[in-house]
Amino acid sequence: MNDTTTTEQEPTPPPAEEVEQPSEAHSLLYRIAAGDALAGVLAVFLAFLVGSVMIAATDETVRETAGYIAARPSDFFQAVWDAVSGAYAAMFRGAIYNTRVDDFQTAIRPLTETLKYAAPLILAGLGVGVGFRAALFNIGGRGQMLLAGAAAGWVGFALDLPAVIHLPLAILAGLIAGGLWGGIAGLLKARTGAHEVIVTIMLNYVAYYLVLYALSRDFLLQAPGSNNPQSLPMKQSAILPKVLGDRYNLHLGIILALVAVAAVWWLLNRSALGYRIRAVGGNPHAARAAGINVGRTYTTVFFIAGALVGLAGVNQVLGTVTSGVTTDLDAGIGFDAITVALLGRSRPLGILFAGLLFGGFKAGGFTMQTSENISVDLVLVVQSLIVLFLAAPPLVRAIFRLPNKEVA
Amino acid sequence: MRLVLRDITKRFGSVVANDRISLTVEPGEIHCLLGENGAGKSTLMNVLYGLYHADEGEIEIDGEVRRFVGPGDAMAAGIGMVHQHFMLIPVFTVAENVMLGNESTTGPLGRLDLESARERVTEISERFGFHVNPDALVEDLPVGVQQRVEIIKALSRDAELLVFDEPTAVLTPQETDELMGIMRQLKESGKAIVFITHKLREVREVADRITVIRLGKVVGEAEPTATNAELASMMVGRPVELVVDKGEGSFGDDALVVDNLRVIDQTGHVHVDGLSFTIRAGEVLAVAGVQGNGQTELTEALMGLQDHVTGSIKLNGKELVGRSTRKVLDADVGFIPEDRQVDGLVGEFTIAENLMLNRSFEMPFVRHGGLRIGTLREFAEDKLAEYDVRARDIDTLAGNLSGGNQQKVVVARELSRDLDLLVAAQPTRGVDVGSIEFIHKQIVATRDAGVPVLLVSTELDEVVALADRIMVLYRGRIVGIVPADTPREKLGLMMTGERPKDVVA
Ligand SMILES: Nc1ncnc2c1ncn2[C@@H]1O[C@H](COP(=O)(O)OP(=O)(O)OP(=O)(O)O)[C@@H](O)[C@H]1O
Ligand SMILES: [Mg+2]
């Protein structure tokens with residue numbers, strides 16, 4: 001009876017799973033993204049603290065007084081205090097409320113700027129965050145924004161339509177373009193197992209050169225008669241209207257962002273699709289055994305992620321910089337979005353707050369530079385430190401003597 | 001080593017997992033910890049091993065109070081732990097694994113001293129009769145041998161006390177017998193052993209002393225001479241039926257008809273080789289056999305989880321081969337996977353969320369694409385009570401449940417639908433006797449409701465208790481399908497591939 005075709009002696013291991021095991025780095029990211037709120041607050045706090053040290057260390061007066069610290073320590077501490085408080089006060093004036101003007105309407109202007117900068121960060125942050133919830137790492141924000149911006153931009157300058165149709169159509173074009181571009185990464189992962197990190201990085205280049213090419217052909221995007229890689233400006237009917245009147249730059253993008261926060265919250269916490277997304281992110285094997293199509297979920301997630309990030313591109317082209325599509329329309333937002341999503345722990349409300357914080361950094365950073373002569377790079381350093389502290393929870397826990405997270 | 005745990009208390013939020021537990025383990029004794037799922041056994045051992053920090057109480061070793069910040073400290077103090085999920089690197093050899101974390105080097109360039117690690121493995125292996133080749137790759141070794149590597153690893157760090165937390169859950173009966181032998185030898189050489197298991201037979205076989213824990217407290221000691229029934233009722237706090245009543249079955253027509261089923265993996269290896277069998281409505285067909293003889297692939301093929309399947313699986317006349325898992329589930333097939341952690345649960349989901357895992361597409365928990373949270377919560381509350389899942393509430397994360405309670409969540413989910421077929425692989429792995437009784441009753445009730453049941457189990461007790469007929473698999477083929485009252489010796493023989501003369505395939 002031993003005419004079996006099996007030849008090996010030992011029982012064989014089960015066949016290679018078709019569902020890819022999340023890699024080590026992957027699950028680390030997943031864990032960081034799913035960390036607790038306290039860790040986020042502490043990371044921000046620590047980053048500000050280290051930022052203070054750097055402000056003090058680079059301040060002239062502080063260095064001068066340090067020379068005779070033994071003789072007059074109070075001078076030194078006074079100088080440190082002045083430098084640090086001056087810097088953060090300037091940031092406050094630039095980001096929230098300008099205490100140096102009397103007129104309330106002018107004084108509140110920084111807050112509207114913060115909101116303006118926050119809108120695309122929130123939108124793109126949601127896009128990255130949705131991916132994290134499925135344990136997918138979307139680094140393709142730049143490409144998704146570029147293509148979405150190009151599509152929305154083309155509708156915005158090339159078509160002649162009444163505003164009630166023109167603006168929604170332009171937004172929709174961007175949303176779909178971003179979604180499709182994101183969907184490519186999901187589809188490749190689902191069908192071939194290609195790793196989404198590599199695919200999205202490569203798609204960023206492809207998108208960049210595609211848009212650059214289109215901007216050099218006047219039958220595509222380039223403004224006729226121009227030699228610059230820039231399109232025509234947006235038609236008035238496709239521009240996101242200002243929400244607080246012409247006195248402020250704040251446009252409809254922030255409303256779009258708030259609506260998106262609510263929509264993504266519903267998607268993730270109240271919809272069946274969101275449930276499946278989280279199941280796949282939590283344990284793809286169990287999801288598969290429960291009849292959930294893991295590959296299709298990956299594709300869907302990347303479509304949604306691309307669409308959300310695409311809205312950030314739309315926000316730029318139709319709202320913030322309406323002078324025409326260029327290859328810098330993403331303004332680094334595609335990457336900042338990763339930080340925002342991490343800090344917001346991939347939760348819609350968390351991302352909202354993280355986006356506001358980073359919007360405030362952008363608005364305040366400029367004032368810090370102009371009024372206190374502190375390089376805007378410092379803001380970048382603080383932002384990076386936040387990520388660093390988020391990624392190193394054990395360090396943060398040790399500093400604050402929090403109990404260790406216990407694993408079951 | 002003489003170990004004294006004194007008044008250990010460990011809380012997780014409002015859950016008191018260990019409530020002033022005191023325990024003494026003498027050198028040269030095998031000390032069994034018995035207790036229901038979630039009683040706090042693993043938690044206590046994790047405290048001992050430095051993985052958790054006790055909120056109160058102290059650990060005393062040979063008269064000296066010790067504090068462990070991490071497992072490193074515990075190891076240095078002579079405590080070794082054999083984890084249920086082995087902490088070995090598959091592509092390393094046995095010697096390399098044993099050396100890992102404790103590497104010694106020679107020469108000015110810090111060359112790894114593999115030679116002494118090999119000698120150490122050989123020496124320990126010979127002393128205790130382990131038969132482990134130091135140069136074998138770990139991934140090539142059977143589970144039982146991998147476990148011995150874990151033991152060697154602990155012994156090579158001069159462990160004087162070894163903790164085994166449910167070591168036999170993953171072993172074949174033969175491997176279990178061998179492990180019992182090893183534990184006895186370790187004990188004779190003066191080591192102290194803490195042994196956690198839910199299998200009373202094993203307890204009575206090796207235990208010198210038995211401590212019973214219930215709801216985080218020590219409820220008393222039991223004599224190794226106690227009967228299974230006595231041990232069981234002490235553990236659960238009520239009398240337990242160790243073998244559930246199973247009436248004569250009333251069998252209907254052939255409900256599941258499997259014909260010439262073959263499962264091949266990507267590398268062309270044949271795991272299931274031309275199986276043909278039927279299960280009647282209201283009948284339990286139990287698949288027995290040493291693990292790795294095609295049982296896993298058979299259940300996965302039924303569930304649409306295998307890619308290269310040929311042949312036919314007809315459920316009430318409908319073909320299942322070629323269907324997606326979702327379509328199989330839509331045909332009202334319930335599936336208890338053999339490894340709950342991998343295929344059964346999402347650890348970051350709450351109990352409630354896990355209870356709807358295979359019903360995320362339509363009613364009752366989903367309507368118009370939205371979740372019906374109220375319905376789900378009500379359902380979860382019911383199931384929590386019905387299945388006696390020991391958890392604070394339905395919002396407890398599945399990953400924080402004790403092993404047996406995780407299993408109950410999976411079983412609750414699968415048995416709470418109207419089924420046309422139940423596929424149950426190792427349905428009581430890691431489950432305490434009280435819950436085994438409950439799950440067995442549920443399976444029998446499912447059968448009595450006229451549902452065909454395919455049961456896969458490596459526990460011969462379970463097979464014999466539940467089966468109407470027994471199918472023995474060997475290397476992906478059927479050795480024979482025999483009546484449930486077939487003597488165990490004969491079944492054991494069949495599991496090695498021998499077909500007795502009076503059995504037809
Ligand atoms: N990390 C954790 N967070 C919260 N609760 C936990 C955690 N680990 C264990 N528990 C709870 O502590 C209790 C004891 O769990 P433990 O794992 O020690 O049980 P056990 O006796 O080993 O059970 P089993 O026999 O099922 O393995 C359970 O109620 C469990 O839910
Ligand atoms: Mg346990």
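Letters A, B, ... are given to chains in the order of the sequence lines, protein chains preceding strands, and every chain is numbered from 1. The analysis underlying the following values was restricted to heavy atoms, covering all of them including side chains, and did not include hydrogens, waters or symmetry mates.
- Between T325(B) atom OG1 and R288(A) atom CZ the span is 6.0 Å, to the nearest 0.5 Å.
- Proximity of a side-chain donor or acceptor of R276(A) to a complementary backbone N or O of S360(B) within less than 3.5 Å is detected.
- Residue L371(B) holds its CG atom at 9.0 Å from CG of N269(A), rounded to the nearest 0.5 Å.
- Between A286(A) and L357(B) the shortest heavy-atom distance is O-CD2, 3.9 Å.
- Between H285(A) and the options L305(B), D343(B), D339(B), a side-chain contact (heavy atoms from CB on, under 4.5 Å) holds for only D343(B).
- At distances below 3.5 Å, at least one donor-acceptor pair connects side-chain atoms of N283(A) with backbone N or O atoms of V342(B).
- Interface remark: V366(B) contributes side-chain atoms only to the contact with chain A (heavy atom separation under 4.5 Å).
- Other residues, nucleotides and ligands contribute over 12 non-hydrogen atoms within 6.0 Å of the CZ atom of R392(B).
- No donor-acceptor pair under 3.5 Å is formed between the side chain of Y275(A) and the backbone N or O of F361(B).
- Summarising the local packing, CZ of R191(A) is surrounded by 12 or fewer heavy atoms from other residues, nucleotides or ligands at distances under 6.0 Å.
- Environment of CZ in F68(B): crowded, with over 12 heavy atoms of neighbouring residues, nucleotides or ligands closer than 6.0 Å.
- In this structure, chain A has no heavy atom under 4.5 Å from any part of E139(B).
- Listed here is the closest heavy atom pair of W266(A) and G369(B): CH2-O, 4.0 Å.
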